[in-house]
Amino acid sequence: MLHDAVKYDFGSDNYAGAHPAVLEAMVAANGGHVGSYGDDPYTARLQEVMKGHFGADARAFPVFNGTGANVIALQSMLPRWGAVVAPASAHINTDENAAPERIAGIKIVPRPSTDGRLDPGTIPSTRVDEDDVHSVHPLAVSFSNTTELGSVHSVAQVREIVTKAKDAGLLVHCDGSRLANAAVAAGVSLGEITEGVDVISLGATKLGAVAVEAVVVRNPEAVVGLEMLRKIDLQLASKQRFLSAQLLALYEGEVWRENASNANAQAARLGEAVAALEGCSVLYPVEANAVFAVLPEGVADAVRERGWHFYDWGPAGIPGAVRMMTAWDTPTEAVEAFVRDIKDCVAAAR
């Protein structure tokens, strides 16, 4: 073993390993020969499970990663002259190396947002004239749930986005890499938190999978050529049963809810504890599994010297701003030990 298997960190929920149910599902799917490229019983079963979450018309397309899911989703929703409106802080705009623009060939139109949420007031009220060859055509909106600032779009807020977009004739995409965390935070189902959304990038890796996400189409009329695009964009797995098996392990029962519930609860515990420390503050309300805090000068580096990993948060533009993430497997003991070290380093810095 090349790592400490009992060490926990707060850099990202991507740091966490795979949930035991996921590993067991992959082993169970391993015996014998079945069809390739999705022609297998696990992918077939996945369609039924996704229909249970997202409605009778829903169809799921497993992919390897979240960027791939977003690229394929948006590429299938928009023509080459199309654009998608999204908050400036959206992952598709800041953390995907312009993949939606480079690979999908579409333009992102960023909108200002103070909390990561998409402000319905920034959604165009009408579509660009179809005959206008000089302007990019915003034909879809995209919002993240949970957002990149840890905030959650409530059911009412999603409904407002959907209503404003549909009134203008625009399609709606949800980047749901942490959709389970958002649903748990809102106390609703996956279907309720995405009601009216046309296409969803459904997360799994951050939730305890090994390497899989899914494009979930709720409105079949919103996409064109998605099956072809998944191949073109290098996201079609030959041994797809192993991807589908992971998604089944998380979403067929309540594992998704249990995992997101623990991550959210530990973030709430961490945020409350950090906010109570002298000289420390929390930048945004802790709604899901992210804590954005401000630590006194030099404290973040001092805590890292004790072996903890977490990231400075430059976008805040505030000295000492950091981002700390909890995961599906974060134990209370790790949060308590982390907070003790922060407290010690704060005291030493005074």
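Values below: every heavy atom of this structure, side chains too, minus hydrogens, waters and symmetry copies.
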ask   = Do side-chain atoms of Thr147 reach the backbone of Ser144 as a donor and acceptor pair under 3.5 angstrom?
value = no

message = Check Arg45 with Glu48, please: is the shortest side-chain N to carboxylate O separation under 4.0 Å?
response = no

inquiry  = Counting C-beta onward and ignoring hydrogens, is there a side-chain heavy-atom pair between Val294 and Leu283 closer than 4.5 Å?
reply    = yes

ask   = Is a side-chain N or O of Arg257 found less than 3.5 angstrom from the main chain of Val184, in a donor-acceptor match?
value = no

query = Just how far is it from atom CG of Leu171 to atom CG of Asn219, taken to the nearest 0.5 Å?
reply = 7.0 Å

ask   = Counting only N and O atoms by type, is there a donor-acceptor contact under 3.5 Å from the side chain of Thr194 to the main-chain atoms of Leu190?
value = yes

ask   = Can you check whether Thr146's main-chain N or O pairs, donor with acceptor, with Asn181's side chain at less than 3.5 Å?
value = no

key: Check against salt bridge (Lys or Arg N to Asp or Glu O under 4.0 Å), Asp119 and Arg117   = CA-CA 6 Å; Asp119 179 357; Arg117 296 183 178 92; over 6 Å; no

task = State plainly whether one hydrophobic cluster holds both Leu226 and Leu243, where clusters connect Ile, Leu, Val, Met, Phe, Trp and Tyr through side-chain heavy atoms under 4.5 angstrom apart.
result = no

ask   = Is any side-chain heavy atom of Val212 closer than 4.5 Å to a side-chain heavy atom of Phe64?
value = no

note = Here the gap from Ser135 atom OG to Lys107 atom NZ, rounded to the nearest 0.5 Å, amounts to 11.5 Å

message = Could you measure the distance from the CG atom of Asp9 to the CE atom of Met324? Nearest 0.5 Å is fine.
response = 12.5 Å

query = With sequence neighbours excluded, what pairs up with His173 under the ring pair (Phe, Tyr, Trp, His ring centres under 6.0 Å) test?
reply = none

key: Candidates Leu170, Val141, Val197 - the one meeting side-chain contact (heavy atoms from CB on, under 4.5 Å) with Ile161   = Val141

remark   = Shortest non-hydrogen pair, Ala28 vs Tyr42, comes out as O-OH, 3.5 Å

query = Between Gln266 and Thr332, is any side-chain donor less than 3.5 angstrom from a side-chain acceptor?
reply = yes

ask   = Are Leu236 and Leu74 connected in the hydrophobic side-chain network, where two residues link if heavy atoms are under 4.5 Å apart?
value = no

Under 3.5 Å donor-acceptor, Trp328 side chain and Gly17 backbone = yes

query = Among all residues two or more places apart in sequence or in another chain, which pass the side chain to side chain donor-acceptor pair (under 3.5 Å) test with Arg59?
reply = Glu227

task = Measure from the side-chain N and O atoms of Gln246 to the backbone N and O of Phe242, and report whether any donor-acceptor pair falls under 3.5 Å.
result = yes

Without placing hydrogens or testing angles, list every side-chain donor-acceptor pair under 3.5 Å for residues 78-92, not counting sequence neighbours.
unit_1, atom_1, unit_2, atom_2, d
Arg80, NE, Gly105, O, 3.4
His91, ND1, Glu96, OE2, 2.7

Less than 3.5 Å apart, which donor and acceptor atoms pair up between the side chains of residues 311-321 and the rest of the protein, not counting sequence neighbours?
unit_1, atom_1, unit_2, atom_2, d
Tyr311, OH, Tyr15, OH, 2.9
Asp312, OD1, Arg304, NH2, 2.7

inquiry  = Donor-acceptor check, side chain of Glu192 to backbone of Val155, threshold 3.5 angstrom: yes or no?
reply    = no

key: Closest approach of Gly196 to Val162 (non-hydrogen atoms, all atoms of both residues)   = O-CG1, 3.7 Å

key: Minimal non-hydrogen separation, Val274 against Ala293, with atom names   = CG1-CB, 4.0 Å

Atom pair CZ (Arg269) and CG (Asn264), whose distance is rounded to the nearest 0.5 Å = 12.0 Å

message = Please check: side-chain N/O of Arg127 versus main-chain N/O of Gly169, any donor-acceptor pairing under 3.5 Å?
response = yes

request  = Could you tell me whether the side chain of Pro120 reaches within less than 4.5 Å of the side chain of Arg159, counting heavy atoms only?
outcome  = no

inquiry  = Given 3.5 Å as the limit, does a donor-acceptor pair link the side chain of Asn97 with the main chain of Ala99, or not?
reply    = no

query = Would you say the side-chain atoms of Asp175 and Asn70 include a donor-acceptor pair closer than 3.5 Å?
reply = yes

inquiry  = Restricting to non-hydrogen atoms, name the atom on Asn262 and the atom on Ala327 that form the minimum distance, rounded to 0.1 Å.
reply    = ND2-O, 3.4 Å

Residues Glu148 and Arg323 bridged, charged N to O under 4.0 Å = no

ask   = Within a reach of under 6.0 Å around CD of Glu130, are more than 12 heavy atoms found that belong to other residues, nucleotides or ligands?
value = no

ask   = Closest approach of Val199 and Val223, non-hydrogen atoms and distance?
value = CG2-CG1, 3.6 Å

message = Minimum heavy-atom separation for Val71 and Pro100, please, with both atom names.
response = CG2-N, 3.9 Å

Test side-chain contact (heavy atoms from CB on, under 4.5 Å) applied to Phe143 and Val158, step by step = CA-CA 9 Å; Phe143 68 96; Val158 172; 3.9 Å; yes

message = Would you compute the distance between atom CG of Leu149 and atom CZ of Phe292 and round it to the nearest 0.5 angstrom?
response = 5.5 Å

inquiry  = Nearest 0.5 angstrom please: Gln240 CD to Thr43 OG1, how far?
reply    = 4.0 Å

remark   = Residues pairing under salt bridge (charged side-chain N to carboxylate O under 4.0 Å, His left out) where one sits in residues 194-218, two or more places apart or in two chains, turn out to be Lys166-Asp198, Glu195-Arg218

Extract all donor-acceptor atom pairs below 3.5 Å that involve side chains of residues 337-344 and protein atoms in other chains or at least two apart in sequence.
unit_1, atom_1, unit_2, atom_2, d
Asp341, OD1, Arg306, NH1, 2.9
Asp341, OD2, Trp308, NE1, 2.7
Asp344, OD2, Arg306, NH1, 3.4

inquiry  = Would you say that more than 12 heavy atoms from the other residues, nucleotides or ligands in this model lie under 6.0 Å from the NZ of Lys7, or not?
reply    = yes

Transitive ILVMFWY side-chain link Val215 to Tyr251, under 4.5 Å = no

message = If you define the side chain from C-beta out and look only at heavy atoms, does anything of Thr326 sit under 4.5 Å from Asp13?
response = no

request  = May I ask you to test the Asn65-Gln235 pair for a side-chain heavy-atom distance under 4.5 Å?
outcome  = yes

request  = State whether a side-chain donor-acceptor pair under 3.5 Å links Glu258 with Ser261.
outcome  = no

Heavy-atom side-chain contact between Gln47 and Val49 under 4.5 Å = no

message = Any salt bridge linking Lys231 with Asp233? Criterion: basic side-chain nitrogen under 4.0 Å from a carboxylate oxygen.
response = no

Joint hydrophobic cluster, Val216 plus Val63, side-chain heavy atoms closer than 4.5 Å = no

Heavy-atom check, side chain of Val22 versus side chain of His19, under 4.5 Å = yes

ask   = Can you check whether His309 and Phe10 have ring centres sitting under 6.0 Å from each other?
value = no

query = Do Leu229 and Ile103 share a hydrophobic cluster (ILVMFWY, side-chain heavy atoms under 4.5 Å, transitive)?
reply = no

query = Between Pro138 and Val128, is any pair of side-chain heavy atoms under 4.5 Å apart?
reply = yes

ask   = Is the side chain of Glu101 donor-acceptor paired with the backbone N or O of Ile108 at a distance under 3.5 Å, no angle test?
value = yes

key: Intermediate values then yes/no, side-chain contact (heavy atoms from CB on, under 4.5 Å), Phe310 and Val303   = CA-CA 9 Å; Phe310 55 98; Val303 175; 3.7 Å; yes

